[in-house]
Every structure is written in C-alpha cells, then in structure tokens.
Amino acid sequence: MPRTVAQVIVDGLVDLDVGHVFGVVGDALNPLTDAIRVTDGIEWTGFRHEEAAAFAAGARAQLSGELGVCMGTVGPGSVHLLNGLYDAAKSGAPVLAICGQVPLSEVGGDYFQEVDNDLLFRDVAVYRATVTSPAQMPRLLESAVRAAVTRRGVAVLTVPGDLGDQKVEDDRPTRFALPRPAVTRPDDPALAEAAETIAAGSRVTLLVGRGARDSREEVLRAAELLAAPMVLTLKGKEGFEEDNPYEVGQTGLIGNPAAAHALDTCDTLILLGTDFPYRDWYPEDCRVVQIDVREEHLGRRVPVDVGLAGDVGATLRALLPLLAPVDSRSHLDEARERFLRWQEGQADLADPAHDKRLLGRVRAMFDNRVEEIRPEALAAAVDRHAADDAIFTSDTGMATVWLSRFVRMRGSRRLIGSYNLGSMANAMPQAIGSQLWAPDRQVVAFCGDGGLSMLLGDLMTIRSERLPVKLVVFDNRRLGMVKLEQEQAGLPEFGTVLDNPDFAAVAEALGIRGIRVTDPAELDEAVGRALADPGPVLLDVVTNPAEVAVPGKPTVSQGWGFAIAKIKENLPSGDG
C-alpha cells in the first residue's frame with residue numbers, strides 16, 4: 001500500500017534513530033504528528049514554545065553528533081523556531097526543521113498565516129526546500145538530511161498542509177548514504193614549515209577549543225614536549241580539565257589572570273581546534289600556528305604564520321615527531337603558579353564563611369549589612385554535589401561566568417550552551433533535549449532568572465514528560481551581564497532590574513519540586529538535596545545582585561567606568 005508523504009518522512013526519521021521529535025502540534029503538521037503517533041521507534045515531545053523545541057533539538061545534536069529534529073507549523077510556528085535554529089547553526093549542530101505551510105493552492109496569495117519559509121530561513125539553513133509534489137519524496141528528505149549532517153548545520157523541509165496526506169507512489173526505502181567523518185592531515189611540507197616556526201620560539205602557549213576534544217592524548221603530549229601552558233576556551237573545558245598539569249583556565253571576559261598572562265607573554269601561539277572570536281584577547285607580536293579541520297577558520301580571528309587544515313589528532317600525530325623539546329619550563333611553571341593562586345582566591349570567594357570574615361574586618365562600615373548568598377558559593381556547591389557524568393547547560397550571561405569558574409568538567413561530564421549565538425533562555429530547553437537524549441544521566445541547568453523567565457512556559461514540558469531535570473536558578477533579580485556592561489562603560493544601571501516571583505513556588509504550582517534558598521547557611525544542604533532528588537527540581541537561590549566577576553585582564557577604563565557608574569547610581573534621581 002502506498003505511504004503518505006508524512007509517513008515517508010517519519011519512517012525515514014525512524015531509520016535514522018532520531019528517537020524524539022520536538023515541536024508544537026497544529027494544522028499542517030497534523031498528518032506528520034499522526035504518523036508519529038502510529039509509528040514505533042519514534043516519539044513526539046510537545047513543547048509550549050517552538051523556540052524551546054529548536055533549542056532541545058540542537059542540544060541533542062550537539063551531544064550525540066547525530067541529527068536532531070524539530071517541527072513548527074504554518075507561519076508563526078515556523079517563525080518561533082528561528083532563534084533556536086540559529087543557535088544550532090552557529091554551534092555546528094545537524095538539525096532538521098520540518099515546517100508547515102499553507103495549502104499548495106494558496107501559496108503566493110497572502111493566505112492566512114502564510115510566510116515564505118524559503119526566504120525566512122535563507123540565512124540560517126544550509127538547505128531549504130518546499131515539497132510541491134508527492135513524487136519528490138523521499139528524495140527531498142534524503143537531500144535535507146545529508147545536507148544537515150555533512151555540512152553540520154540546519155536543513156529546513158517545508159510541507160504544505162494539503163501535501164502531508166497525499167500518497168507517494170515511489171515505495172523504495174530512504175537511502176541517506178551518510179558518510180563516515182573523514183580524518184585528514186596536512187601534507188609533509190606544511191608540517192615541516194609548522195615545525196620550523198614552532199622551533200623558533202621558547203615560550204609556547206596552546207589555546208585549545210572543542211575541536212580538539214577527541215585528541216586529548218595528542219594535545220597533552222604537545223603541551224609536555226613544548227612545556228606549554230594550555231589555555232582553554234569555554235567549550236574546551238570538556239575533556240581537558242581533569243588530570244591536566246598544563247591547564248591554566250579560560251581567557252576572555254570569563255577568564256583569569258593566569259590565562260591572560262600565558263597568552264600575553266608567549267612568543268609562539270598554537271591554536272588547536274578553536275575559533276575563539278574575541279580579537280582583543282589574542283597576543284600581539286608572536287608567531288601563530290593554527291590547526292583546524294575547517295579551512296575557513298584558519299586566520300579568521302588572528303593572522304597566522306602557518307595554517308594547517310586537518311583533524312587536530314591526526315595532524316599532531318604527524319607533527320610531534322618533527323618537534324624538538326623545549327628545555328626551559330619557566331613559562332609553563334609561571335603560568336601554573338599564577339593559575340593555582342587564582343584558584344585559591346576563587347575558592348575563598350566560594351567559601352560560605354567568606355562574607356562573615358569580610359564583615360568582621362569592616363563591621364564599623366557595614367553594621368546593617370544583610371549577609372547574602374554569593375553566586376560563587378552556589379556554583380561551587382553544585383560542582384561538589386553533581387555527578388561525575390552530569391550534563392550541564394548554562395544560560396548566557398553571569399550563569400555561564402560562574403559555571404566556567406567553579407564547575408570542573410571531570411569524569412565524563414558534558415557541557416553545552418549558546419556559546420556562539422549568545423542567546424538568552426537556552427539553558428532550560430537545552431536541558432530538556434539533553435535529558436531526553438540521556439534519560440539515565442543527571443542534567444543540571446545553570447539558569448539566569450531573566451533567561452528562565454523568557455521561556456518559563458516550558459517548565460510544563462518538564463512536568464508533562466516527567467523529566468528529572470535539575471534547574472539551578474541564579475536569582476539576583478537582575479539582567480546581571482547587562483548591568484555589568486553598563487557599569488563598566490560608566491553608565492548607571494538602567495532597565496536591568498527584574499521583579500521576580502518566587503520561582504520555587506511557581507514550580508510547585510506546576511507540579512515540580514521547588515526549593516528556595518535565601519540563607520547562606522542553608523545553601524550546601526539545599527543543593528545536595530536538590531541534586532539527589534529522583535525527579536525534576538527547581539532550586540531558586542536568591543544571590544547577591546552586586547557581585548562582580550572581574551575579568552582576567554581588567555583595564556583602567558573599565559575600573560574608572562565602574563566607579564563613575566556607582567557614583568551616578570547613588571545620586572538622587574534625576575541628577576545622573
């Protein structure tokens with residue numbers, strides 16, 4: 001019996017072991033969701049907002065390296081997918097978005113809810129196509145999937161409302177013919193040139209990103225041979241923080257002085273699998289060698305002397321025998337000493353007794369001060385209590401700062417966030433996608449109060465799907481990163497204050513366990529209790545809104561701007 005267009009699509013997704021499809025049901029999607037309903041091996045996960053569904057699909061794709069799938073129906077439903085799809089695209093995650101469309105006979109007539117999907121997704125998608133005839137199936141589905149997987153991006157397949165139920169005469173099964181990833185390395189002359197460039201220096205620093213994650217052994221051998229401190233990008237934390245005697249943490253605004261020093265004082269910088277975008281944090285006047293599997297990344301952020309296009313592991317295996325060991329370890333030792341001192345200072349900030357000691361020293365000045373929970377203490381407590389195979393997600397902003405500084409990617413921990421697009425509201429929906437991908441692993445979302453509020457409705461998805469996600473809310477009643485940006489520029493805080501509800505009470509009203517913490521003395525026990533709970537938990541921790549994360553290389557202008565902003569904030573209203 002001939003299958004419908006919708007059934008062909010769903011059968012193809014089953015062949016790909018997609019497992020879950022995320023979205024919001026409606027009109028043009030009805031044939032597709034009904035096909036999912038009657039098909040074994042695939043489940044529909046209904047969300048309250050399509051943006052959250054797209055974030056969840058992108059999270060699954062990032063963690064698994066395989067295709068994630070989301071759906072949005074005609075017009076507004078497809079538009080709502082857009083932000084989550086941009087995040088997937090900028091993260092290199094293979095995602096297929098199946099979008100509804102008005103009936104084919106009405107396309108082009110400004111019909112109710114009609115949106116030109118091929119135009120709408122032009123910038124975000126590596127592939128876009130609209131099914132206009134059953135005869136195009138399963139060919140268009142195969143093309144969309146191949147594009148998403150091989151080009152590590154978003155493919156959009158649009159299905160008009162009157163096409164899903166039409167019969168497909170071609171009864172052949174789908175043939176996706178997805179290739180195994182190729183392992184490549186540069187040719188010998190390029191490797192010799194890189195070795196000669198590296199040999200000219202004596203103070204080598206490695207900047208290591210996520211593209212080197214599967215090459216840990218080779219990267220550590222390079223660091224040992226070259227006596228090189230290893231600066232990690234945020235996405236490079238995963239896989240390189242445990243048992244690494246060369247690591248000196250992150251750079252950039254979330255970084256630390258040791259990493260900044262290791263970069264500023266090197267005479268040779270080797271970039272391994274990273275497209276770190278912040279130009280101001282790269283060193284000047286040094287030799288640069290870059291290894292990346294994507295040729296377009298070579299020299300994109302900083303001028304390079306030698307660019308090597310290839311897999312990091314394969315390239316290093318061929319390059320290391322050409323390198324002579326660096327005799328002096330002074331560059332490495334100096335960076336590591338600075339890093340360990342910085343870590344000690346951070347541990348002091350995370351100590352619940354820190355503010356008591358501080359208040360004891362300045363009691364006369366702050367007699368009426370109320371002790372508040374430090375976000376550093378919250379992040380450190382989560383690190384202590386979380387499982388060694390936990391999956392972490394983090395909202396863009398201060399939640400990511402605290403995670404980067406206090407959560408160590410030990411064991412088989414994983415980490416994802418909106419680290420390229422920098423969207424708000426990603427942590428909770430990415431946690432949903434992560435938990436559905438790994439139902440037996442602990443999933444912990446570092447949520448900003450602003451980010452959680454934006455897609456708050458999908459707390460109900462956690463409840464309805466009975467997902468044991470742990471949401472840790474940094475409730476500082478602020479858009480914290482924006483506040484910091486304003487003050488560093490000398491501007492008084494404006495528009496960042498959030499009139500938050502009791503998020504724990506909201507969670508309880510939705511059938512999710514809620515725990516609210518306002519007393520520093522109760523923090524550690526509450527975190528342990530929340531993470532040990534077998535079901536979903538929202539941990540609402542009221543943190544100090546005045547807490548500042550000092551960057552690894554603060555400038556005089558930033559300090560001056562902060563001082564000016566504080567003066568303005570304390571002037572009577574209208575005098576600033």
Task: Over all atoms of both residues, closest heavy-atom pair of Pro229 and Ala262 - done: CG-CB, 3.9 Å
Open item on the list: Does the plane of the ring in Phe22 sit parallel, tilted or perpendicular to the ring in Phe47? Use 30° and 60° as the thresholds.
Closed with: perpendicular
TODO: In plain terms, say whether Glu238 and Arg414 are close enough for a salt bridge, that is, a side-chain N and a carboxylate O under 4.0 Å apart.
DONE: yes
- [ ] Report the C-alpha distance between His261 and Glu334 in whole Å, list the side-chain angles of each, state the deciding distance to 0.1 Å, and finish with yes or no for side-chain hydrogen bond (donor to acceptor under 3.5 Å, both in side chains).
- [x] CA-CA 9 Å; His261 182 79; Glu334 184 179 351; 2.8 Å; yes
- [ ] Report the C-alpha separation of Ser423 and Asp87 in whole Å, then their side-chain angles, then the decisive distance to 0.1 Å, and conclude whether the side-chain hydrogen bond (donor to acceptor under 3.5 Å, both in side chains) test is met.
- [x] CA-CA 7 Å; Ser423 174; Asp87 185 76; over 6 Å; no
TODO: Please confirm whether the backbone N or O of Pro257 pairs with a side-chain atom of Arg338, one donor and one acceptor, at under 3.5 Å?
DONE: no
Open item on the list: Quick check on side chain to side chain contact (heavy atoms under 4.5 Å, CB included): which of Val472, Val541, Leu539 does Val382 satisfy it with?
Closed with: Val472
Open item on the list: Using a strict threshold of under 4.0 Å (side-chain N to carboxylate O), is an ion pair present between Arg405 and Glu376?
Closed with: no
For residues 502-516, please give each side-chain donor-acceptor pair under 3.5 Å, one per line with the distance, not counting sequence neighbours.
residue	atom	partner	partner atom	Å
Asp502	OD1	Ala504	N	3.0
Asp502	OD1	Ala505	N	3.0
Glu508	OE2	Gly514	N	2.9
Arg513	NH1	Asp533	OD2	2.5
Arg516	NH1	Asp540	OD2	2.6

Open item on the list: Checking Thr496 against Glu493 for the side-chain hydrogen bond (donor to acceptor under 3.5 Å, both in side chains) test, could you report, in this order, the C-alpha distance in whole Å, the side-chain angles of both residues, the deciding distance, and whether it holds?
Closed with: CA-CA 7 Å; Thr496 64; Glu493 179 185 7; 2.5 Å; yes
Open item on the list: Between Asp267 and Arg203, does any side-chain N to carboxylate O distance fall below 4.0 Å?
Closed with: no
Task: Matching residue for Arg301 among Asp275, Asp292, Asp280 - test: salt bridge (Lys or Arg N to Asp or Glu O under 4.0 Å) - done: Asp275
Open item on the list: Under a 3.5 Å threshold, yes or no: a donor from one side chain and an acceptor from the other, between Tyr282 and Thr251?
Closed with: no
TODO: Let me see the working for Leu467 and Val443 under side-chain contact (heavy atoms from CB on, under 4.5 Å), right down to the final yes or no.
DONE: CA-CA 10 Å; Leu467 301 175; Val443 176; over 6 Å; no
- [ ] Using the six-membered ring wherever Trp is involved, compare the ring planes of Phe276 and Tyr278 and label them parallel, tilted or perpendicular (cut-offs 30° and 60°).
- [x] perpendicular
- [ ] Can you tell me which residue pairs pass the side-chain hydrogen bond (donor to acceptor under 3.5 Å, both in side chains) test with a partner in residues 442-453, sequence neighbours excluded?
- [x] Asp449-Asn500
- [ ] May I have the step-by-step check of side-chain contact (heavy atoms from CB on, under 4.5 Å) for Leu436 and Arg60, ending in yes or no?
- [x] CA-CA 8 Å; Leu436 286 165; Arg60 182 195 188 282; over 6 Å; no
Task: Flag side-chain contact, heavy atom, 4.5 Å: Phe474 against Asp395 - done: no
Task: Cationic N near anionic O, under 4.0 Å, Glu241 to Arg413 - done: no
